[in-house]
Amino acid sequence: MAKRIDVSGLTAYYGNHKAIEDISMTVEPRSVTAFIGPSGCGKSTFLRTLNRMHEVTSGGWVEGKVLLDDEDLYAPDVDPVSVRRTVGMVFQRPNPFPTMSIYENVVAGPRLNGTRRKGELDEIVESSLRGANLWTEVKDRLHRPGSGLSGGQQQRLCIARAIAVEPQVLLMDEPCSALDPISTLAIEDLISTLKERFTIVIVTHNMQQAARVSDRTAFFNLSAVGQPGTLVEIDDTERIFSNPSVRATEDYISGRFG
Ligand SMILES: Nc1ncnc2c1ncn2[C@@H]1O[C@H](COP(=O)(O)OP(=O)(O)O)[C@@H](O)[C@H]1O
Ligand SMILES: [Mg+2]
């Protein structure tokens with residue numbers, strides 16, 4: 001189920017502003033890749049090009065290729081809505097649908113995809129909440145609002161909602177930045193389990209988190225303010241944190257800038 005992502009020569013624009021330039025990388029199935037780099041270098045923009053969310057922002061367009069296994073996500077006959085189903089996304093702030101119950105949050109996607117039978121939906125709810133490591137905490141209050149949960153629980157609910165449609169890739173944009181340290185560790189544990197089933201890409205500004213959860217780390221940077229962000233290097237996380245190839249990477253992870 002999990003798929004390989006193969007990006008080549010990806011440049012993304014907002015109108016005529018070039019936000020990121022000429023990015024190429026491969027992300028292996030069933031691995032976690034962390035994106036790090038200073039604010040504004042285009043990590044979120046690049047992440048959104050991987051499921052065609054970038055073009056939903058005003059003026060957003062891209063050049064280059066993103067392959068999911070062998071399928072070009074930007075080929076003319078590809079439906080962007082189905083891409084977003086295959087490549088799920090979890091955002092910085094937990095954003096459960098506020099008026100919906102926990103149960104309804106999880107089944108919203110499967111319902112849109114045409115699953116109607118209650119037994120089937122019940123099963124999806126249990127397996128997704130178990131998958132997001134939230135089931136035991138909420139199984140007795142499935143029909144209460146998702147907004148009543150703690151921040152960390154809400155973020156795990158958003159992860160349950162994302163995996164309920166069985167995506168092949170999960171993109172996470174600073175998923176812990178609004179969470180306390182205990183909830184953060186819970187999400188990190190969860191990521192380690194989820195990578196057995198999904199290809200995962202996570203943007204984080206937390207170096208320890210990148211070192212803890214990822215197999216590969218990509219460092220992005222800007223050559224100057226106003227210039228597009230570029231991929232400086234991508235390598236095994238251990239190597240990026242012990243002996244990176246590029247000086248700027250070392251400066252960034254040791255806190256000398258950014
Ligand atoms: N919706 C948008 N409209 C126009 N420019 C944007 C938008 N979002 C981001 N940008 C610009 O794209 C560049 C990269 O931003 P972003 O991808 O958010 O970086 P990061 O996630 O690394 O902080 C920045 O110059 C930012 O101002
Ligand atoms: Mg960002």
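Counting begins at 1 with the first residue of the sequence. Atoms within a ligand are numbered from 1 in the order they appear, just like the ligands themselves.
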**Q.** N, O or S of S44 under 2.8 Å from the Mg ion (ligand 2)
**A.** yes
Q | atom 2 (C) of ligand 1 within contact range, any protein heavy atom under 4.0 Å | A | yes
Q) Between Y14 and T45, is any side-chain donor less than 3.5 angstrom from a side-chain acceptor? A) yes
Q) Taking NZ, NE, NH1 and NH2 as the nitrogens, is one of them in K43 or E174 under 4.0 Å from a carboxylate oxygen of the other? A) no
Q.
Side chains of T26 and D6 only: does a donor on one sit below 3.5 Å from an acceptor on the other?
A. yes
Q: Write out the residue and atom name of the closest protein heavy atom to atom 18 (O) of ligand 1, then the distance separating them to 0.1 Å.
A: S44 CB, 4.0 Å
Q: Considering non-hydrogen atoms only, spot the tightest contact between K3 and V169 and give its length.
A: O-CG2, 4.3 Å
(Q) Out of Y13, Y14, F46, who is nearest to atom 7 (C) of ligand 1 when you count heavy atoms only? (A) Y14
Q: Enumerate the atoms of ligand 1 whose separation from the nearest heavy atom of A19 is less than 4.0 angstrom.
A: 12 (O), 13 (C)
Q: Look at atom 16 (P) of ligand 1 and say which protein heavy atom is nearest, naming residue and atom and giving the distance to 0.1 Å.
A: T45 OG1, 3.7 Å
Q: Distance to 0.1 Å, residue and atom name: give those for the protein heavy atom nearest to atom 23 (O) of ligand 1.
A: G40 N, 2.7 Å
Q. What protein heavy atom sits nearest atom 26 (C) of ligand 1, and how far away is it?
A. H17 NE2, 5.0 Å
